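This report refers to the structure that appears directly beneath it.
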Amino acid sequence: MTKDLKDSFNAVGSGRRPGAPGAAASASGGVGAGGADRGTPSSGGTGGTSSGGAVAGEAPPAPAALAAKVRTLVPSMTRSMQRVAEAVAGDPAGCAALTVTGLAELTGTSEATVVRTARLLGYPGYRDLRLALAGLAAQQQSGRAPAVTADIAVDDPIADVVAKLAYDEQQTLADTAAGLDTVQLGAAVAALAGARRIDIYGVGASGLVAQDLAQKLLRIGLVAHAHSDPHLAVTNAVQLRSGDAAVAISHSGSTGDIIEPLRVAFDHGATTVAITGRPDGPVSQYADHVLTTSTARETDLRPAAMSSRTSQLLVVDCLFIGVMQRTYESAAPALAASYEALAHRHSPRTR
């Protein structure tokens, strides 16, 4: 890393490239880092506000994205802000009828905390949050979700297990889609489509998702490799340069074995992408583009690895289809060739 680049990182207080804004709410309700502009200093990852939420000039998230934003951001909030966020997500109609003072009293917090929470969720002020809550309440009244939860008990009949898991998977996918920043997604697609080489990092359940993305990209003619061994990931990241891309997949956003190779790729000039359920986590410091997945509630019988994988696979599929669209002239023949090469393995063998 050059001295100028190091100085610019120190000036903004994070590992982001100069000019890459921090986690900021998009018009679609997502949270992500902006594309890197290597010539100008950044705002230090605040997204243009003291709360790191709403950005000046951007529309607030749509009402349908509010619940997803709450689930994604609650783990990183203070306890008082969590009470406000959980209240508005749990009873949007009731909270929409409250003044800022009323909501502060209901949650045992202060008016300042209510306003900070609204901004962190992507709304310029409490008035905008109330409008979104009213819209969300109207949507819920016109078509309520089925009365089923994913609280699976040890003695649940298998039919109930199927119903609960199916509902939870649907909710996870809906939350991810509602909160996905399409601007960041488009930028990540462009980076992968034009990359000379793509490295993908993931361990555990995220490692399976990394392999899935690598296999998809390989079949349309791109040079892509998934790395689950942290040593191999770093030694490969050292070889990346400008014009290459690196993708890190980490539900927690704090897995050291994923952060280290992404940081190395970042330092060597590759365009970096993070797919994470914690957009404010350490992994995002080294990501030019952040794609946020839904943070589903973990239970004893359904660990986070299961729910996170569902949302990660949706994002991976969105990335792949986007890249396929941008490179269709070369991707379509490559995909056809891969199908033809494997066709005999799907046909009955003759003796």
Side-chain angles (χ1 to χ4, degrees), residues 23 25-26 28-33 61-62 64-76 85 89 121-122 145 148-152 164-189 192 200-217 226 228 247-255 258-259 262 273-284 287 289-299 301-323:
S26 75
S28 64
V31 178
L66 178 58
K69 286 293 293 291
V70 169
R71 274 187 281 270
T72 298
L73 296 177
V74 155
S76 62
L121 292 173
V148 62
T149 70
D151 292 324
I152 301 172
K164 290 179 179 181
L165 283 179
Y167 175 74
D168 195 55
E169 296 280 355
Q170 292 167 8
Q171 189 64 54
T172 298
L173 292 174
D175 286 354
T176 299
L180 191 58
D181 187 331
T182 54
V183 174
Q184 290 297 306
L185 178 62
V189 164
L192 298 189
I200 308 164
Y201 315 124
V203 296
S206 296
L208 301 176
V209 179
Q211 291 179 28
D212 181 71
L213 177 57
Q215 290 173 12
K216 285 180 166 70
L217 296 176
S228 58
V247 180
I249 305 175
S250 171
H251 176 64
S252 68
S254 58
T255 305
I258 300 304
I259 295 171
L262 190 71
V273 178
I275 300 175
T276 180
R278 301 283 190 269
D280 58 340
V283 72
S284 298
H289 310 294
V290 178
L291 304 178
T292 306
T293 57
S294 171
T295 305
R297 186 165 47 86
E298 182 176 3
T299 66
L301 294 179
R302 190 169 194 264
M306 293 176 63
S307 57
S308 64
R309 187 183 61 216
T310 300
S311 53
Q312 289 171 351
L313 286 171
L314 173 60
V315 174
V316 160
D317 282 350
C318 291
L319 276 174
F320 171 71
I321 294 299
V323 172

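Predicted model only: the values in this text are computed from it and were never measured.
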* To do: Report yes if some heavy atom in the side chain of Leu213 is under 4.5 Å from a heavy atom in the side chain of Leu217; otherwise report no.
  => yes
* So do the side chains of Asp175 and Ser311 get within less than 4.5 Å of each other, counting heavy atoms only? -> no
* To do: Indicate whether the side chain of Thr293 and that of Gln312 have a donor and an acceptor atom separated by less than 3.5 Å.
  => no
* With a 4.5 Å limit on heavy-atom distance, are the side chains of Asp317 and Lys216 in contact? -> yes
* Asked: Does any non-hydrogen side-chain atom of Ser206 lie less than 4.5 Å from one of Ser250?
  -> no
* Give the C-alpha distance, both sets of side-chain angles, the deciding distance and a yes or no for side-chain contact (heavy atoms from CB on, under 4.5 Å) between Leu73 and Leu121. => CA-CA 8 Å; Leu73 296 177; Leu121 292 173; 4.2 Å; yes
* Please tell me if the side chains of Val189 and Leu319 come closer than 4.5 Å, counting only heavy atoms from C-beta onward. => yes
* For Ser294, does its backbone N or O pair with a side-chain atom of Thr176 as donor and acceptor, under 3.5 Å? -> yes
* **Asp168 with Lys164: basic N within carboxylate O range, under 4.0 Å** => no
* Asked: Is any side-chain heavy atom of Ile249 closer than 4.5 Å to a side-chain heavy atom of Ile258?
  -> no
* Can you tell if the side chain of Ile200 reaches within under 4.5 Å of the side chain of Val209, non-hydrogen atoms only? -> no
* **Within-4.5 Å side-chain heavy-atom neighbours: Leu185 and Leu291** => yes
* Under the 3.5 angstrom rule, does the side chain of Ser284 hit a backbone N or O of Pro279 as a donor-acceptor pair? -> yes
